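Worksheet: one structure, shown below.
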Amino acid sequence: MEQLRTIGRELAMGSQGGWGQSKEFLDLVKSIGEARSKAEEDRIIARELEHLKRRLADPDVPRRKMKELLLRLVYAEMLGHDASFGHIHAVKMTHDESLPLKRTGYLAVALFLDERHDLVILVVNTIQKDLRSDNYLVVCAALTAACRLIGEEAIPAVLPQVVELLAHPKEAVRKKAVMALHRFYQRSPSSVSHLISNFRKRLCDNDPGVMGATLCPLYDLVLEEPNSYKDLVVSFVNILKQVAERRLPTSYDYHQMPAPFIQIKLLKILAVLGSGDKQASGHMYTVLGDIFRKGDTASNIGNAILYECICCISSIFPNPKMLEAAAETTSKFLKSDSHNLKYMGIDALGRLIKINPDIAEEHQLAVIDCLEDPDDTLKRKTFELLYKMTKSTNVEVIVDRMIEYMINITDHHYKTEIASRCVELAEQFAPSNQWFIQTMNKVFEHAGDLVNIRVAHNLMRLIAEGFGEEDEGADSQLRSSAVDSYLRIVGEPKLPSLFLQIICWVLGEYGTADGKYSASYIIGKLCDVAEAHLTDDTVKAYAISAILKIFAFEIALGRKIDMLPECQTLVDELSASHSTDLQQRAYELQALLGLDKHAVGSVMPADASCEDIEIDRNLSFLNNYVQQALENGAAPYIPESERSGVISVGSYRSQEQQETSAHTLRFEAYEMPKPSLALATSQTSMPTPTVDLVPVPQPGYYKEDHQTSRSQASGDALSGEFGVKLRLDGVQKKWGRPTYSSSTPSSSASSQQATNGGSHSDGGGSTTSSQTRESSYGSKRQQGTEVSAEKQRLAASLFGSAAAKADRKAQTSRKTAKESSSVEKVTVTNVAPQPVKEQVIPAAAPPDLLDLGDEPVSSRTPSADPFSQLEGLLGPASATPVTSETSATSISKAPDLMAIFSDDVPTGATSGSTDPILGDVNSMSSHKGATSVSAKKGPSLQDALQKDATARQVGVTPTGNNPNLFKDLLG
């Protein structure tokens, strides 16, 4: 985005005539836009490149004119033409002292070069110098170029300066420094592994942009080691809560949604941290419920946040009320007319059915509509959903639909995927052997050679082993049905090669097993297959092997079989083939025909395809021969690695790498400095400066010291191997920077109080209107759409008997209503009216928005909720007793060292501590230093809180001071 904005500014300056001769560039852009063909465009660019080459060769070109020429080179390369002759001029412009020219040079270099380009080495020194500049715009340009150009070898050259810029007073510099450090981590994790704690520290930055940029590297770290970041769950939840409550500046809003991209990234992080962790998931339920209630389905970004909430709920520890809210949102997606929202609904439904399969039954008609939709992308996503919800009761319908769709598509990649899924479902849920064989035949017939060869081998193994564990009758029936189906298919033209291999193998193994078909008939079919595929040696090899098996089985049974003329012709032809494999198979067949039945039975036993073959890898049967040869004076075998004059592959590679490195640039000066134990001890003994950050304890440099010792040991071994070792004890180092390390903070995390201040009114009216639109849409859909009988039958077959149960339940309810109404009419006419006592129904209490149905999960750092603290004012039943043990724990808590430097100093101990990083520091004055509420004169606090809770439920924001997350920005 920074590069695009820069190009836009340059174009705007050119349109205003600020470049002198920039009209040439505008004419170039105009002529390219008016080009009628690609050839004409290439001629224009080639002519322009020749002109630029001549202009750049002129040593008297003014600097501002050089800037325009570089932009024209960038435009030419963007269109796919080579402008490498101007790359060195872009490198030279990065050295310019003028800010516009320097930024243009960095822009051109970032677009022209990459980290592996030879000219990058000329830019590293410039980047180092600009990172120390006093102009923050120059520093930002250098950081942007560093993300693009600094490779793994040059990272140590700029890493110390990038780490120093994390504390720069300008928020734009801090943000770009975080991005550069993240980029270095992606390219070489070992180079910045000791600086990971800086990401934790930047999470509490006063600027939301820096905090949002820190979420990206933290997400990558959480994916690798989730357990190491469980302590940040409360922090992430607190950030998400305050962002959702619109406590960020309005400049971060997008389509009236508060910082949606920060919310999405936080939800992704929470989904990983809460996976399988009930305690961590317990902190997330409240904020997820708030996001669902405030969700706006009128904009794409609002739907994106809701979809990410569903993904988070499907990943964390399940909660019934959260699953119900996710299913309701999924239903809105599926009922939408937008294909994009339907796609999201299908994907969300696929995630939810992993937790609760019954959710899919509520949306069966919507799934069938998506299955019959002309949009191919939506149809594919629906097939993925059906694949996940396949059972033994609906496997036939789903697999038949998949095969029908596979026949009609031309995308080979997706055709292969559909075929493999059909095979997997058929193997796992096959209702009968005959259906399994027919399904596999359809897959191989229409998918062709796109099916993986392992699928064919699995099918042959499955037919050989059988389905029945001890039922031989079921296995023989399976093989007999396979032979029958293959004999019907074998005569069809254009069968795939892989399918023919399966057919030949099955006919050779089991063609004559049940006695239904004669050996001559099977051999004739196999000869026809071989003659029809003269160019496919693999098919001919399978065919001749199948013929050999049939002859062997017949001879072993004592039956006499005559050689068919076409079979003899095939054997003679293969005996003279250019393929040695086919020749060997043909000669083996001829040799087999001359053996008796006992020899044939031992060579080719019947039904031995499933027997395990024992392989002697040590060739122990040759031991006697080897011993006899040694006694006769033969030389013993010497391993290749021990032979003289022979270099092993590993030593050759290491020697080649050393020779290559001797002729290339050396980067030993940029190696990572290794912290010494004395320096670490001195740093821990020194008092750490107090900063407005929450220190996070790190394991120190134990791992790095361990790796250092291993690398030193390997280096000594390597030097000892080559016989050369330098003694550097006491020698002063001339290269490299002095040792630096990030100081490990020693102070404990400060506990701050957070109060649930009044949130902005952001969802009351919109939620009501969206519900009204939804209800009106649902009524129109019910009135105007009549479900056909075919769809009902398809739904019943896909989702089981749920649809039939629903119909019977509806009919039963209608009959009951009619009977009750008739009974009421009879009683009214026959019985005299009697005075009816009015039954007083007590009004239901308003639902608590913060109650999600689960017990609160205790943790080491529970977040303080003022509503839970003030529940005692609403009545004695809802009051939560505070045990003496809890109060004693809160009183005996260690003193808070970081609270000395906070803006608001609490006057006493409170009943809970909030997030150690981003808790609200504005606490309610009525609860400072108190764990119980005493009665006071004046208005009733119970009535006031009851009115406040009612006002919050209807969407009215009570007046009062809202605690701000970023006080320095909002004043």
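As the structure is a prediction and not an experimental result, all values here were calculated from the model.
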Subject >> Between Tyr405 and Asp376: side-chain donor-acceptor atoms closer than 3.5 Å >> reply: yes

**OP:** Return yes if a side-chain donor-acceptor contact under 3.5 Å exists between Glu588 and Gln584, otherwise no.
**Re:** yes

Subject >> Test: Arg351 and Asp347 ion pair at under 4.0 Å >> reply: yes

Original post:
Are any side-chain N or O atoms of Ser545 and backbone N or O atoms of Tyr542, one a donor and one an acceptor, separated by less than 3.5 Å?
Top reply: no

Original post:
Is the closest side-chain donor-acceptor distance between Tyr343 and Asp375 under 3.5 Å?
Top reply: no

**OP:** Answer yes or no: are there more than 12 heavy-atom neighbours, outside Glu566 itself, under 6.0 Å from its atom CD?
**Re:** yes

Original post:
Does the Asn441 side chain pair with the main chain of Ile437, one donor and one acceptor, at a distance under 3.5 Å?
Top reply: yes

Original post:
So which of Lys415, His413, Met406 actually passes side-chain contact (heavy atoms from CB on, under 4.5 Å) with Leu450?
Top reply: Lys415

Original post:
Can you check whether Glu573's main-chain N or O pairs, donor with acceptor, with Ser577's side chain at less than 3.5 Å?
Top reply: no

Original post:
Can you tell me if Asp537 and Ser579 form a side-chain donor-acceptor pair at under 3.5 Å?
Top reply: no

**OP:** Compute whether any side-chain donor of one residue and acceptor of the other, for Thr297 and Asn303, lie under 3.5 angstrom apart.
**Re:** no

**OP:** May I ask you to decide if Ser476's main-chain N or O and Ser480's side chain share a donor-acceptor pair within less than 3.5 Å?
**Re:** no

**OP:** Specify whether Trp505 and Tyr510 have parallel, tilted or perpendicular ring planes, treating 30° as the upper limit for parallel and 60° as the lower limit for perpendicular.
**Re:** perpendicular

**OP:** Compute both the distance and the angle, then confirm whether Lys265 meets the cation-pi test with Tyr219: under 6.0 Å from the six-membered ring centre, within 45 degrees of the axis.
**Re:** yes

Original post:
Where the side chain of Ser281 meets the backbone of Gly274, is there a donor-acceptor pair that is under 3.5 Å apart?
Top reply: yes

Subject >> Salt bridge present between Asp514 and Arg479 (N-O < 4.0 angstrom) >> reply: no

**OP:** Look at atom CG of Asn300 and say whether more than 12 heavy atoms of other residues, nucleotides or ligands are closer to it than 6.0 Å.
**Re:** no

Subject >> Lys/Arg N to Asp/Glu carboxylate O, Glu384 vs Arg380, below 4.0 Å >> reply: no

**OP:** Examine distances only and state if a side-chain atom of Ser275 and a backbone atom of Val272 form a donor-acceptor pair shorter than 3.5 Å.
**Re:** no

Subject >> Electrostatic pair Asp581-Arg585, nearest N-O below 4.0 angstrom >> reply: yes

